[in-house]
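Residue numbering restarts at 1 for every chain, and letters A, B, ... go by the order of the sequence lines.
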Amino acid sequence: MAKLPALIVLLALTAASTPLALAAPQCAVHAGDRLVLYGSGDDPDVLAWDSRFRLREYHAASFDEAEQLLPHASVEPAGTRAVVETCVAAFVQSPLFSQPEDAVGIMVLSGSDRGIGKWVLGSDVRVERAVKNRTSSMR
Amino acid sequence: MRAPTFPLTRVTGTLLLTAFLLLALGFAVEGAFQTRASIAKTFARQSEIQGEQTSLEELLRLQIDEQNSLRGYSLTHDSFYVDQYRTAALEFDNRERAIEQALSSEDLVTAYRLLQQYREDQSKWRDDVAAPVLSHPNARLSEIDKRNKFFSDQQASIAGGVRRELAGENDVLARGTQAELDRSSYVRSFWLLLFGLLAILFNAFRSRLYRELEEERTTTEILQRAFRSEAIPLPNCEVGGAYVSASSHLAVGGDVFDVYRLSGNLALLSIADVSGKGVDAAVLTAFIKFTIRAIALRRRDPAGILSEFNTAFSQAVENPYLFVSMWVGLLDTDTFLLRYASAGHDSAFVRRSNNVHQLPVTGPILGVMEEPFESKQTNLEAGDLLVLSTDGLTEARTRSGRQLQETGAMDLIARGSERAQELADEIVASVRALSRNRLRDDLAILVVRPLPRGGADG
């Protein structure tokens, strides 16, 4: 009988910690959010990719490999407007990142690439206006 | 004579404690200086690292300047931008070399390697992007922007790595400084605690010492009052006396003289020198003084007094190395007949007019052997001066180290005053002057001057 309180505490702790341990990464932006592109690095322009896989490869690649991928990217000037079409949470990893970054699929709304779909890093976007009725993002 | 009983253990204890105190204080101070030097060195290193961090930011700015200049030239074809590009490139190279040198000297291997990569990338950008644009400024701007973005991203990553290593080194230094401060605080606290404890100990020791000295001083004062040699007045005679102890703080020592009236016209005169000085010797002189008085009250023969005293002394004093030289005289103050005996005491003089002669020794020193003593007598005349002293007079040393001896003593007596007390004072003053006031032995002087019949003169 003496072990019962300890068991209850153990169960309570397990129950409390399980959602945390199993919690999936969430995207910071959601489909429909209006964005402004702004690079988080020293150069505020943003590299936008034609594929989320190339986006991921670019950040994991060596200098030469990364250079080979450049034809698949365009530079969007800082301030370019876009809308979120989809988002893949924690998709891009790099030894230089402290934690995985989201890959955000956008539709460019201004500039020379207006109307074209691109993929950018989650840290390269600023939410201008969040959508009210959110739909779930891709995983 | 016997060596003084100096409180050596007290001096050693005091010196030892003082040395420990100074040592503890020294370590505490030295530790503080050492810590200060160590922290100053760390701060200097941190300052260098901060300088390198600033230089790195400046390097990134110059890189962007290069890219913007190139972009400007591509847009406007204005040679102003080419000059700006070259200035930025030159400054970049200089700055990069300076940082590389600093990182190399500080042994920051990773940061150094990353910076080399940074330089190589910059060089590649100049070859792959800048050089073609400078040759053909009509290149597509979007392509230049993309390449610029690529290179700046790459270099920002590398710079981030350098930054992290510098920041890490800075953290290590900061932690080291903190550890040094902690260690220093503990060590210094220890030394200060030790210093405090030693100071308390020292104070307790000093208090105890002071208390002991105070007790000793009180004892000495009591002894001084009890055993002081005093020249008491005698009928038809002028009596003078002086006493100087070799122990400057004491008024008693191993010498003693005594003037004592045995009857109406018979006075006992005695002077003795005990081997030794200080309080211990003073206690023995008291024994001598009162024993001689007691014997003299029964016996009127100076040789007999010395003989009986010799027996008493041998029985009373167990120390075989202790001996006494003594002169005892019985003076008839009516006729001035002086009967005396001398136990190895040769400092007895009679001055008549300006002539001084020494009274002979009539027996051995007391406490050494059992040999008979002889009494002698001499008739003093009015105006004569009987001068009795201890060997503090004859063995007084001049500045050249020569002893005064009997001849020197007799010369002093011959040149001195006719008045008993004045002569005693003059002799003491002369001995002090000769030895520069650093007496090696106690000195007792007793002067008796028979006066002309009809009363004292002056």
Side-chain angles (χ1 to χ4, degrees), chain A residues 37-51 54-80 82 92-101 103 108 110-116 118-125, chain B residues 53 56-71 74-75 88 92 110-111 113-129 132 139-165 167-168:
Chain A
L37 302 187
Y38 195 90
S40 55
D42 298 311
D43 181 356
D45 290 351
V46 174
L47 272 182
W49 295 85
D50 56 5
S51 146
R54 289 202 180 93
L55 168 65
R56 182 163 66 175
E57 278 174 45
Y58 175 76
H59 286 287
S62 67
F63 183 89
D64 292 333
E65 290 166 346
E67 200 175 11
Q68 294 299 316
L69 293 169
L70 280 181
H72 299 279
S74 61
V75 177
E76 300 300 331
T80 300
V92 184
Q93 295 194 13
S94 165
L96 301 171
F97 296 164
S98 56
Q99 58 187 18
E101 292 248 8
V108 179
S110 64
S112 57
D113 290 332
R114 183 169 183 240
I116 302 174
K118 299 279 183 180
W119 286 89
V120 292
L121 274 183
S123 58
D124 284 345
V125 301
Chain B
Q53 286 172 325
L56 193 68
E57 300 307 320
E58 181 66 10
L59 203 65
L60 286 167
R61 188 189 64 76
L62 288 167
Q63 184 209 350
I64 291 170
D65 281 354
E66 277 189 62
Q67 290 184 356
N68 287 339
S69 301
L70 193 72
R71 203 165 183 276
S74 177
L75 281 169
F92 178 95
T110 309
R113 192 172 46 74
L114 285 169
L115 194 73
Q116 279 183 324
Q117 195 184 330
Y118 190 103
R119 175 165 46 79
E120 284 165 13
D121 287 357
Q122 181 68 7
S123 178
K124 199 169 179 184
W125 175 82
R126 283 176 189 166
D127 292 342
D128 293 357
V129 182
R140 274 200 321 139
L141 197 60
S142 62
E143 195 55 34
I144 294 171
D145 286 346
K146 192 160 67 176
R147 303 280 292 174
N148 282 351
K149 173 69 181 166
F150 166 68
F151 275 101
S152 64
D153 278 356
Q154 291 294 322
Q155 292 187 303
S157 302
I158 294 168
V162 178
R163 268 196 217 105
R164 275 194 295 279
E165 173 142 18

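- Note that CZ of A:Phe63 and CD of B:Glu120 are 10.0 Å apart. Values are rounded to the nearest 0.5 Å.
- At a threshold of 4.5 Å between non-hydrogen side-chain atoms, the residues B:Phe150 and A:Val75 do not count as touching.
- Residue A:Ser94 does not touch chain B at all, counting heavy-atom pairs closer than 4.5 Å.
- The pair A:Asp45-B:Lys146 does not count as a salt bridge, with every side-chain nitrogen at least 4.0 angstrom from each carboxylate oxygen.
- Considering only heavy atoms from C-beta on, B:Arg147 comes within 4.5 Å of A:Glu67 through its side chain.
- The closest donor-acceptor contact from the side chain of B:Lys149 to the backbone of A:Val46 lies at 3.5 Å or more, if one exists at all.
- Heavy-atom distances place no part of B:Arg61 under 4.5 Å from chain A, backbone and side chain included.
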